[in-house]
Amino acid sequence: MKLLPPLPRLPGPRMSSALLGATALELAVLVGHLIAYPFGLTPERRPQRPRPTRPARTGAHGPDGGETAPRATTAGGEAAPHAATALPLAADDAPPVVLLHGFIDNRSAFVVLRRALTRHGHRHLESLNYSPLTRDIRAAADLLGLHVEEICARTGHSRVDIVGHSLGGLIARYYVQRLGGDRRVRTLVTLGTPHGGTAVAPGAGIHPIVRQMRGGSSVIEELRTPAPGCRTRFVSFWSELDQVMVPVETACVDHPDLDAVNVRVTGIGHLALPVHPTVAAAILEALDAPEAGEDTATATGSSTGATSAA
């Protein structure tokens with residue numbers, strides 16, 4: 001009997017080097033995050049509201065015995081500059097930055113980003129731990145609104161910036177777009193957030209808030225409704241190697257009424273977005289952008305991007 005020659009080996013699915021590197025980085029980030037997770041379970045300690053200082057009296061005497069012009073003082077007791085010689089906006093005068101974590105996570109997810117923001121001069125940093133038992137994005141957004149109001153009252157700022165990872169970004173967007181939060185939020189930065197709903201939602205039949213992250217949910221459909229006059233600027237970071245966002249473009253903000261820039265990140269996955277140094281640098285750039293005359297490009301896959309550490 002004549003034997004047929006063996007068939008050539010068919011090419012099977014092969015993991016690309018980029019995906020392999022991103023997966024290895026995801027595992028490293030996961031291990032590190034599991035170590036830090038217990039330290040983020042408790043809410044952060046809120047700084048005490050500074051006591052107001054009394055402005056300088058008219059007719060106060062200077063070192064030479066003569067009268068000096070009255071000067072306003074800051075909350076810290078320092079003399080404020082005259083209006084005619086006002087200094088440029090410093091990082092300390094920038095809006096507070098609120099960090100909002102993803103599903104079944106806590107504020108420890110932002111340890112690296114928080115350090116980068118602090119080094120860059122951002123002094124008003126706040127984190128909100130919402131309970132993993134929260135069953136509704138709307139309720140979490142309402143809680144975020146109360147938190148933002150408390151921050152504004154305590155710091156004296158009228159607006160804040162928000163950085164949200166995954167579900168945290170969706171909660172923040174709902175607050176901005178549906179609960180009037182655009183009055184308080186200057187810039188919303190989202191990292192791997194399912195703005196259009198994701199097909200990958202583990203435990204969707206168990207946890208109601210996960211079902212709300214799926215495409216076609218009532219929450220996702222609400223965010224598709226018109227939002228004329230929304231004053232918040234959106235910057236969304238998405239990665240082509242994000243295995244949680246299916247399809248990956250669902251992490252882009254696609255709404256005709258929103259001022260949005262979608263930034264494509266290359267070489268990293270979902271968990272690495274809040275910790276990668278290149279992404280942190282791009283977030284700092286977004287937060288430091290002026291409110292007037294900013295870039296209004298909305299094309300998906302912006303030229304601004306990040307690469308993996310490999």
If you count heavy atoms of other groups shown closer than 6.0 angstrom to CG of D254, is the number above 12?
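12 or below, so no.
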I need the [X] [atom1] to [Y] [atom2] distance, nearest 0.5 Å.
{"X": "I171", "Y": "L179", "atom1": "CD1", "atom2": "CG", "result": "11.5 Å"}
{"X": "I283", "Y": "L113", "atom1": "CD1", "atom2": "CG", "result": "4.5 Å"}
{"X": "T198", "Y": "L167", "atom1": "OG1", "atom2": "CG", "result": "12.0 Å"}
{"X": "Q177", "Y": "L170", "atom1": "CD", "atom2": "CG", "result": "10.0 Å"}
{"X": "Q243", "Y": "L241", "atom1": "CD", "atom2": "CG", "result": "7.0 Å"}
{"X": "L188", "Y": "D182", "atom1": "CG", "atom2": "CG", "result": "11.5 Å"}

Report the C-alpha separation of R123 and T118 in whole Å, then their side-chain angles, then the decisive distance to 0.1 Å, and conclude whether the side-chain contact (heavy atoms from CB on, under 4.5 Å) test is met.
CA-CA 6 Å; R123 309 182 83 176; T118 301; over 6 Å; no
May I ask you to decide if [Y]'s main-chain N or O and [X]'s side chain share a donor-acceptor pair within less than 3.5 Å?
{"X": "E126", "Y": "V98", "result": "no"}
{"X": "S166", "Y": "G102", "result": "no"}
{"X": "T190", "Y": "G169", "result": "no"}
{"X": "T232", "Y": "R186", "result": "no"}
{"X": "H195", "Y": "H255", "result": "no"}
{"X": "H157", "Y": "R159", "result": "no"}
{"X": "R184", "Y": "V160", "result": "no"}
{"X": "R178", "Y": "L223", "result": "no"}
{"X": "T250", "Y": "P194", "result": "no"}
{"X": "H120", "Y": "H122", "result": "no"}

Using a distance-only test with no angle check, is there a side-chain donor-acceptor pair under 3.5 angstrom linking R138 and S218?
yes
Decide yes or no on ring-ring contact (aromatic ring centres under 6.0 Å, His included) for H270 and H165, but give the supporting numbers first.
CA-CA 9 Å; H270 190 75; H165 179 228; 4.8 Å; yes
Closest heavy-atom pair and its distance - [X], [Y]:
{"X": "V253", "Y": "S236", "value": "N-OG, 3.6 Å"}
{"X": "G145", "Y": "Y175", "value": "CA-CE1, 3.4 Å"}
{"X": "P96", "Y": "T155", "value": "CG-OG1, 3.7 Å"}
{"X": "A140", "Y": "T134", "value": "CB-CG2, 3.9 Å"}
{"X": "Y174", "Y": "E222", "value": "OH-OE1, 2.6 Å"}
{"X": "C230", "Y": "V176", "value": "SG-CG1, 3.9 Å"}

Begin with the C-alpha distance, continue with both residues' side-chain angles, and end with the deciding distance and a verdict on side-chain contact (heavy atoms from CB on, under 4.5 Å) for V263 and V235.
CA-CA 7 Å; V263 183; V235 181; 4.0 Å; yes
Stepwise salt bridge (charged side-chain N to carboxylate O under 4.0 Å, His left out) test for E149 and R183:
CA-CA 11 Å; E149 291 299 324; R183 178 178 62 92; 3.2 Å; yes
Side chains of [X] and [Y] in contact at under 4.5 Å (non-hydrogen atoms):
{"X": "D161", "Y": "V185", "value": "no"}
{"X": "L99", "Y": "V97", "value": "yes"}
{"X": "V261", "Y": "F234", "value": "no"}
{"X": "I162", "Y": "L144", "value": "yes"}

I'd like to know whether R173 forms a side-chain contact (heavy atoms from CB on, under 4.5 Å) with L258, so could you lay out the CA-CA distance, the side-chain angles of the two residues, the decisive distance to 0.1 Å, and finally the verdict.
CA-CA 11 Å; R173 180 178 171 186; L258 302 182; 3.7 Å; yes
I would like to know whether F103 and I209 meet side-chain contact (heavy atoms from CB on, under 4.5 Å); could you show each step before the answer?
CA-CA 9 Å; F103 180 61; I209 206 168; 3.6 Å; yes
Reference residue E240; test side chain to side chain contact (heavy atoms under 4.5 Å, CB included); the match among R264, E249, M245
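Running side chain to side chain contact (heavy atoms under 4.5 Å, CB included) over R264, E249, M245 with E240 returns exactly one hit, R264.
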